Structure formats: C-alpha cells, structure tokens
Amino acid sequence: MTSPVRIAVVGLGYWGPNLIRNINEHPGAEAVMACDLRTDALESIGRRYPAVETTTSFADVLADPRVEAVVIATPVSRHHAMAAAALDAGKHVFVEKPLAASAEESIDLIERAAAGGRVLMPGHTFLYSPPVMMVKQMIESGELGDIYFISTSRVNLGLHQSDVSVAWDLGPHDFSILRYWLDESPSHASAMARGCVIPSIPDVAFINLEFPSGAVAHVELSWLAPSKLRRTTVVGSRKMVVYDDTSSEPVRVFDSGAVLPNPETFGEYKLTYRTGDIVSPRMEVAEPLYREIEDFCDAIRTGSTPKSSAELGLEVVRMIEAVDQSLEQAGARVGIESGAPAVA
Ligand SMILES: NC(=O)c1ccc[n+]([C@@H]2O[C@H](COP(=O)([O-])OP(=O)(O)OC[C@H]3O[C@@H](n4cnc5c(N)ncnc54)[C@H](O)[C@@H]3O)[C@@H](O)[C@H]2O)c1
C-alpha cells in the first residue's frame with residue numbers, strides 16, 4: 001500500500017470544489033490545503049472539509065513540505081505562472097484544461113516538468129468518461145470501420161467567460177476527445193466565429209478540422225443556445241455512433257451505412273443503403289473526475305504516463321491556437337504542428 005498523495009487545490013470557483021470532493025473521496029489522494037484569493041470560497045470549503053487547511057497565499061502552498069502535488073483550477077491566464085512556480089518548487093502539477101494560454105507556455109511547462117522529474121497533467125476530464133472510453137474502444141477494435149467524419153455540438157446558455165473565447169473554454173473538451181479517439185492530431189483547421197454579446201469575445205464558433213488519416217471533423221461551440229446539447233456523431237465505413245452526453249442512453253450504435261457496389265455497366269453507380277439494428281450498450285457508472293484524480297496519483301506513485309498527458313494537452317492548445325489564427329485570417333485553412341517537443 002502506498003501512502004495517499006498529499007494535494008493542495010488552488011482556485012475554488014466553479015470547478016475547484018469538484019476537484020476537492022473527488023480528492024477527498026479517493027483513497028489514493030488526500031486534500032491537505034485549499035487556496036483562493038476569495039475568503040468566502042475558503043470559508044465554504046473549510047466548513048465542508050474541516051481537516052483541509054485554507055490559505056489566500058499561493059506562496060504558502062509552495063513552501064509547505066507536506067504538499068506533494070498542486071491541482072490548479074484558476075482562470076486560463078494564470079495557468080502558466082502558477083504551474084511553473086509549482087514545478088520549480090518541486091511539486092507535481094495537475095492543471096485544469098487548457099494546459100496553458102499558448103503552445104509556447106505549454107512547452108515551457110513540459111520542459112520544467114521533465115527537468116525536475118515531476119508529473120505534469122492537464123485536466124481533460126472527458127478522456128475518463130465511460131461513454132467516451134466506450135467509443136474509443138469501438139474505434140480501436142475496428143467495429144466502426146474507417147472513420148469518415150465526426151460532427152459535434154457543444155452548446156448551451158452560459159457560462160460566458162470574461163478572459164477567454166468559447167474556443168478556449170469549450171474547445172478543449174472536443175479537441176481532446178477527437179485527439180484521443182483518432183489517435184492523431186489534425187493537420188489543418190479553419191474556423192468562423194462571432195462575439196454576439198461581447199463583441200471582443202467570440203461566444204459562437206464553427207470549426208473544421210482535417211486529420212492525416214483522411215477523417216474530417218466539424219465542431220460547433222456556443223454559450224448562446226436555447227437548450228443544452230452535447231451531441232457527437234461518428235460516422236465510420238461499417239457503423240455509426242451517436243454519443244449524447246445529456247442522454248440516459250449516452251451511446252447508440254447504428255449498424256447503418258451506404259455501399260457502392262461495383263457498377264454492372266460503365267457509368268452506372270447504384271448505392272445501396274444498410275439500416276440495421278440500433279444498440280444502446282450498457283454503460284458503467286463512474287465519475288470521470290474520480291478516475292482523472294486516480295490517473296494523476298498513479299502517475300506520481302508509479303511513474304506511468306497519464307491518459308491525459310501533457311503532450312496531448314500541448315496538442316489541444318495548438319488546435320485552439322490554429323483556430324485563433326484562422327479567425328485572424330478570415331477563416332483561412334491553417335496548418336497545425338504536431339508531435340512532442342524535444343525535452344532533455
Ligand atoms: N474539466 C472541466 O470539465 C472543467 C469545467 C469547468 C472549468 N474548468 C477549468 O477550470 C478552471 C477554472 O474555471 P472556473 O470556471 O472554476 O473559474 P472561476 O473563475 O469560477 O474560478 C477561478 C477561481 O480561481 C481563483 N483565483 C484566481 N487567481 C488566483 C490566485 N492567484 N490564487 C488563488 N486563487 C486564484 C479565483 O478567485 C476563483 O475563485 C479553468 O481552467 C477552466 O477551463 C474545467
């Protein structure tokens with residue numbers, strides 16, 4: 001039995017309390033400190049978890065030798081500075097998605113983690129969600145055939161962010177899922193967006209991605225929509241899947257497709273359509289955040305690479321940067337770099 005990883009959580013706004021709850025529930029982790037600039041947030045955590053020490057000072061967190069790992073759930077603009085300081089103080093670091101506000105900052109964090117022999121993990125929670133894992137297995141086993149295209153809608157009313165666009169806020173979810181499912185990074189992106197409520201902050205974006213395998217994806221993101229949609233369609237040469245994260249049947253597999261038989265005479269093409277069974281597989285119930293914390297602690301204790309790896313986090317940030325570049329160039333098709341940085 002290894003001892004629980006002693007963790008400090010920094011940033012107790014909307015998301016941080018979910019992280020503390022899961023750390024508290026997991027036998028492999030122990031929340032020892034909670035840090036926020038807001039004393040009301042600290043008081044609320046202190047009431048719920050009396051054993052967790054609270055502080056407004058990030059420097060106190062870094063100086064405390066009990067703290068082995070820091071979980072950062074502050075706004076994106078703070079990720080790099082806080083994660084870099086924590087790595088330099090010898091802590092393992094989990095940073096909420098996206099890893100940092102640029103590829104350059106992400107590479108800097110990866111280099112610091114490698115230099116200090118510390119774990120750096122971005123919080124791409126969906127990689128630990130049972131339906132996402134099930135679709136991954138279907139793709140990997142060949143059940144869906146070659147993946148032709150993926151189309152996804154992640155829209156609802158709110159929460160408008162003050163410091164980032166909808167592509168930086170919601171995009172990391174779909175980009176990390178696509179990267180995980182297809183096991184490759186897109187080579188090109190093009191995008192269209194609009195800031196409807198606050199003109200300088202895009203709150204709706206339509207993004208196209210092209211992958212080296214030939215797969216294409218369309219990602220629709222918005223904080224302005226009458227109802228919440230979390231719907232992804234995966235179309236393969238053998239079967240199709242609809243993954244709906246708001247449904248009681250989150251994965252539905254359609255044994256459907258179109259076949260182009262060899263033409264009998266020159267110039268005669270007749271498609272045949274196949275509409276077979278629709279299956280909704282039984283889904284394991286598990287909280288993704290719990291699994292994510294487990295993966296982080298395992299990486300610290302055993303040296304394993306987390307599924308939500310820092311390299312995957314960097315590739316997600318590169319995708320968002322490509323979206324921004326495309327928007328700056330009136331929707332132009334922009335190339336995306338891939339691959340891990342060379343670290344010593
Ligand atoms: N994985 C997910 O599904 C998911 C969901 C929501 C948010 N997030 C991520 O979590 C992060 C936080 O998002 P949020 O919606 O909770 O933001 P938020 O604004 O609600 O909370 C951020 C908190 O950080 C605190 N903070 C800011 N600077 C600080 C500092 N220097 N020291 C200590 N505390 C500081 C703020 O006081 C605030 O309480 C973002 O990276 C976001 O992308 C992830």
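Read the numbers this way: they start at 1 and go in the same order the structure lists the ligands and their atoms. Because the structure is predicted, anything quoted here is derived from the model rather than measured.
- Atom 17 (O) of ligand 1 lies below 4.0 Å from none of the non-hydrogen atoms of the protein.
- Between Tyr290 and His26, the ring-plane angle classifies as tilted under the 30° and 60° cut-offs.
- Electrostatic pairing of Glu53 and Arg66 counts as a salt bridge here, judged by a charged N lying under 4.0 Å from a carboxylate O.
- With hydrogens and angles left out, the side-chain atoms of Asn208 and Arg333 include no donor and acceptor closer than 3.5 Å.
- The pair Arg291-Glu287 does not count as a salt bridge, with every side-chain nitrogen at least 4.0 angstrom from each carboxylate oxygen.
- At least one heavy atom of His173 sits under 4.0 Å from some atom of ligand 1.
- For ligand 1, none of its N or O atoms has an N or O atom of Asp169 under 3.5 Å away.
- Residue-ligand proximity: His79 is placed with a non-hydrogen atom under 4.0 Å from ligand 1.
- For the pair Pro75 and ligand 1, a heavy-atom separation below 4.0 Å is found.
- Residues Asp88 and Arg118 are not paired through a salt bridge, judged by the lack of any N-O separation under 4.0 Å between the basic side chain and the carboxylate.
- Atom 40 (C) of ligand 1 has its closest protein heavy atom at Thr74 O, 3.6 Å.
- Ring geometry for Tyr243 versus Trp181: interplanar angle over 60°, hence perpendicular rather than tilted (30 to 60°).
- Salt bridge annotation for Glu220-Arg231: absent, with no cationic side-chain nitrogen under 4.0 angstrom from a carboxylate oxygen.
- Here is the list of ligand 1 atoms found below 4.0 Å of a heavy atom in Thr125: 1 (N), 2 (C), 3 (O).
- The number of heavy-atom neighbours closer than 6.0 Å to CZ of Arg194, taken from other residues, nucleotides and ligands shown, is 12 or below.
- Looking at every heavy atom in both residues, Met133 comes nearest to Leu127 through CG-O, 3.5 Å.
- Closest to atom 37 (O) of ligand 1 among all protein heavy atoms lies Asp36 OD1, 2.6 Å.
- In summary, the atoms of ligand 1 found under 4.0 Å from a heavy atom of Gly123, numbered by their order in the structure, are 1 (N).
- Of all non-hydrogen atoms in Asp108 and His80, the two that sit nearest each other are OD2-NE2, 2.7 Å.
- The nearest protein atom to atom 21 (O) of ligand 1, hydrogens excluded, is given as Gly13 CA, 3.3 Å; this is a heavy-atom distance.
- Distance from atom 12 (C) of ligand 1 to its nearest protein heavy atom, with residue and atom name: Ala73 O, 3.2 Å.
- For atom 43 (O) of ligand 1, the closest non-hydrogen atom of the protein is Lys97 O, 2.8 Å.
- The parts of Trp15 lying near ligand 1 are both backbone and side chain, judged by heavy-atom distances below 4.0 Å.
- Protein heavy atom nearest atom 20 (O) of ligand 1, with residue, atom name and distance: Tyr14 N, 2.9 Å.
- Glu96 OE1, 3.2 Å is the protein heavy atom nearest to atom 44 (C) of ligand 1.
- Looking only at heavy atoms of the protein, atom 28 (N) of ligand 1 is closest to Leu37 CD1, 3.8 Å.
- Only the side chain of Met82 comes within 4.0 Å of ligand 1, counting heavy atoms alone; its backbone N, CA, C and O stay farther away.
- The pair Lys307-Asp295 fails the salt-bridge criterion, with no side-chain N (NZ, NE, NH1 or NH2) lying under 4.0 Å from an Asp/Glu carboxylate O.
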